[in-house]
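Structure record follows, encoded as structure tokens.
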There are 2 protein chains.
Amino acid sequence: MREAGVDARKRRILQAIIEDYVLTALPVGSRTISRKYETSLSSATIRNEMSDLEEMGYLAQPHVSAGRVPSHKAYRLYVDGLLQEAVQPDEEARQYFAEQIRPMEDVAAAAAQAIARLTRYTAVVMMPKQLELRVSCLQLVPMPRGAALLVIVTDTGAIRDTVIRVSDRLDSDALFSISRLLTERLAGRTLKEVQEMLGAYARMNGPDARVLEGIASLARQMEKQSAQDTVIIGGSHNILNYPEYSDVEKARAFLSALEEKERLTSLLSRHDAPFMVHIGPESAIPDMQDCAIVTAGYQVGKGHRGAVGVIGPARMPYAKVLSTLGAVSRVLTDLLGE
Amino acid sequence: MREAGVDARKRRILQAIIEDYVLTALPVGSRTISRKYETSLSSATIRNEMSDLEEMGYLAQPHVSAGRVPSHKAYRLYVDGLLQEAVQPDEEARQYFAEQIRPMEDVAAAAAQAIARLTRYTAVVMMPKQLELRVSCLQLVPMPRGAALLVIVTDTGAIRDTVIRVSDRLDSDALFSISRLLTERLAGRTLKEVQEMLGAYARMNGPDARVLEGIASLARQMEKQSAQDTVIIGGSHNILNYPEYSDVEKARAFLSALEEKERLTSLLSRHDAPFMVHIGPESAIPDMQDCAIVTAGYQVGKGHRGAVGVIGPARMPYAKVLSTLGAVSRVLTDLLGE
DNA sequence: TGTTAGCACTCTCGTTCGTTGAGTGCTAAC
DNA sequence: GTTAGCACTCAACGAACGAGAGTGCTAACA
């Protein structure tokens, strides 16, 4: 029993099977391959090869008189081949973003929408955590009826705001003075330090306790949000477009799994290559055992890596998806990288 | 042929059928009613009554040997009965909101989430348009690298911001002076007026044209957004919980219909009663012919009415849903009404 | 006159049982 | 090593059929 590896011809046949299956979602028979892809070989020859490929674990048969379906292992081989080549970024995708300055959250949400539209899959965008976020500016904007909008801007350009109550004796000049004072004292400090310092001030400073409390609370919230990778999801119900999920129960399980973002976050946080592809059980997410998760990394700030990706059935046009993601990740790196 | 109206007994039977059907989603037979609801009557009697009710258009039979299913007309009668009584706001729902001051958009989004969770239906929240929005304050907050955050606050407390580029010679004091100047000139003006005035300034004022342009653009965007009713949707895929949508095609059609918000907006904009219920074709939304849309109005500011609601199969526990919506609308009126 | 028991009738649903057709594996010839 | 031929397997489809749920109708009863 010689049992050689996957020679060039087997590889071609396997690729043909995958490509046909990606299009049709139907088991592929030997005749189909012999007529549409390898016209110089007879169906019997293809059958022999397919039999070998099945033994090696690249193909599976739903039942004995059906054609073959690629296994996760087959997709893995196929995708590894694709990743060797340079991924060509998709030009259409590049042009999807208006060239406007927007805060990071908006950009990420826009990217998720764009990816979902372009690929017709569920899109995920991971924004990396930013530890040691430092306050760059802090300002109170007057609002009607004894309220004020508190805005905190960090050195990375992240913005967060909240409405707080203030004494209605404070006019806009007074609010500005407070803002200036606070910015002087707090600029350059990390969010953690800000919280500590405010604790100290609060004891001395009676009347404006509400303001200080508001800042502390916003700083706390901001730190909490930025201290962990966050995931944005777009086009979640694109999954219904695929026959793999024509069973409502499966679709529901998938959508529920999407809502528990921790699993996705931890998967995307380990993103250390330009592209990553998790096929089937590799993602270790139950209810997504028949899915592939394809992601591309992007750069935000110095050394922080985010990721954009799609989730869909393992039967996926990987080349197309990789090129779309490549384009989007490049745009994101341009917009957020500086 | 006497053919009287719906007497009290028919009404009771109809109600029993509806309530049983709401629970089980299965056609209801005469024996079920006679045993579970009207134990003093035999199934034969019930049968006669059901036959009458069918003739009057309140019941339908999927096929001759199945039980009866309530028609839209039946739900209508039932709901009209409910609306006569005072709707008791659901206490659980009241406690769902943290008592935090938040901008209107956040409150609306939170309400949508809450409603979706509480009812397990798709939730909609309509925020009414606000014409003649007047600027109350306008402020530039310094950001790193020659950018600034422009914040516009209106008299109603709406907040919108955008990042703009500014000359990096402008420090925080300079930005504040500009802010004060702009606020002095623009406070009290409508968004439309602001746009016009800025057009005039822009011609005189060379270097800071970018700032003025940024304001004009934000004002334009803000006006556009606030000049139309906007709808927020929550829990869109709750629909998959219901056997009526166990067919993926139907579910997809429903979800697509949800994305076209114009129809929903125009439906919710005509909200002139505390509660409204659109059953089946009454909503005039194709792909929601078998749905009911239940809404409760809430008050925002002086005279502006918003609405919160749910969308789900016509087979719906209307009393429960109305009471939940009643509670949420009351909370919203408290938070936004002032 | 309203209510009820009895009964024949109808129609869905689930099961069984061939039939069909796609696709395979194996063998023998090229 | 390749290919034609052929027997074989099994899902999918449809027809036939019995079971069961629920009805409408009739006739008896209060």
Side-chain angles (χ1 to χ4, degrees), chain A residues 1-14 16-17 20-21 24-71 243-244 246-247, chain B residues 1-14 16-18 20-21 24-71 243 246-247:
Chain A
M1 210 200 279
R2 227 177 28 137
E3 185 62 60
V6 188
D7 60 28
R9 192 171 73 178
K10 282 197 173 51
R11 232 188 162 87
R12 278 206 321 274
I13 292 177
L14 190 56
I17 293 173
D20 200 80
Y21 186 66
T24 64
L26 259 33
V28 186
S30 53
R31 247 174 83 84
T32 309
I33 299 302
S34 129
R35 285 201 302 193
K36 287 210 285 183
Y37 299 89
E38 295 282 329
T39 43
S40 64
L41 295 175
S42 80
S43 68
T45 309
I46 307 285
R47 262 204 299 285
N48 289 331
E49 296 287 48
M50 283 167 93
S51 176
D52 291 354
L53 284 168
E54 179 166 5
E55 204 168 339
M56 295 182 214
Y58 291 107
L59 293 178
Q61 254 180 320
H63 57 87
V64 67
S65 83
R68 254 70 169 212
V69 165
S71 68
E244 282 85 346
S246 61
D247 177 16
Chain B
M1 210 196 276
R2 229 181 25 140
E3 183 62 63
V6 188
D7 60 28
R9 192 172 72 178
K10 282 196 172 53
R11 233 190 162 85
R12 279 207 319 276
I13 293 176
L14 190 55
I17 294 173
I18 290 176
D20 200 79
Y21 185 68
T24 64
L26 260 31
V28 186
S30 53
R31 248 174 82 82
T32 310
I33 299 300
S34 130
R35 284 200 303 193
K36 287 210 287 185
Y37 299 88
E38 295 283 329
T39 43
S40 65
L41 295 176
S42 79
S43 67
T45 309
I46 307 285
R47 264 204 297 285
N48 289 330
E49 296 287 47
M50 284 166 94
S51 176
D52 291 353
L53 285 167
E54 179 167 5
E55 205 169 338
M56 296 182 214
Y58 291 106
L59 293 177
Q61 252 181 322
H63 56 87
V64 67
S65 83
R68 256 64 171 217
V69 164
S71 69
S246 61
D247 176 17

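The chains referred to below are lettered A, B, ... by the order of the sequence lines, with proteins before strands, and numbering in each begins at 1.
Using a 4.5 Å heavy-atom threshold, the side chains of Thr45(A) and Arg9(A) count as touching. For the pair Ile17(A)/Met50(A), a side-chain contact is recorded, criterion being any heavy-atom separation below 4.5 Å from C-beta on. Annotation: side chain of Val28(B) is not in contact with side chain of Ile18(B) (no heavy-atom distance under 4.5 Å). The shortest side-chain heavy-atom distance between Ser43(A) and Arg47(A) falls under the 4.5 Å cut-off.
The salt bridge (Lys or Arg N to Asp or Glu O under 4.0 Å) check on Glu38(A) picks up Arg12(A), with sequence neighbours excluded.
Straight-line distance from the CG atom of Asp52(B) to the C1' atom of dT3(C): 14 Å, rounded to whole Å. Atom pair Glu49(A):CD and dG1(D):C1' shows a separation of 10 Å (rounding to whole Å applied). With rounding to whole Å, Leu26(B) atom CG is found 18 Å from dG20(D) atom P. At whole-Å resolution of the value, CD1 in Ile33(B) and C1' in dT4(C) are 18 Å apart. Atom-to-atom, CD of Glu38(B) to P of dG2(C) comes out at 17 Å; the value is rounded to the nearest Å. Between the CD1 atom of Ile46(B) and the C1' atom of dG2(C) there is a distance of 13 Å, rounded to whole Å. One interatomic measurement links the two molecules: CZ of Arg35(B) to C1' of dT4(C), which rounds to 17 Å at whole-angstrom precision.
Within the model, atoms CD1 of Ile46(A) and CZ of Arg35(A) stand 12.5 Å from one another, a figure rounded to the nearest 0.5 Å. Here CG of Leu14(B) is found 10.0 Å from CE of Met56(B). Values are rounded to the nearest 0.5 Å. With values rounded to the nearest 0.5 angstrom, Leu59(B) atom CG is found 11.0 Å from Glu49(B) atom CD.
Nearest-nucleotide positions on DNA chain C place Ser40(B) closer to the 5' end than the other of Ser40(B) and Pro62(B).
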Contact string for nucleotides 19-29 of chain C, one letter per nucleotide 5' to 3', B = base within protein heavy-atom range under 4.0 Å, S = sugar-phosphate only, - = neither, reads ---BSBB----

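Taking all atoms of both residues into account, the shortest heavy-atom contact from Ser42(A) to Ser34(A) is C-CB, 3.9 Å.
Stem analysis of DNA chain C (Watson-Crick or G-U pairs, both distances under 3.5 Å, runs of at least three) returns C:1-30 with D:1-30.
When distances run from any side-chain atom of Ser42(A) to the nucleotides dT12(C), dA4(D), dT4(C), the shortest one goes to dA4(D).
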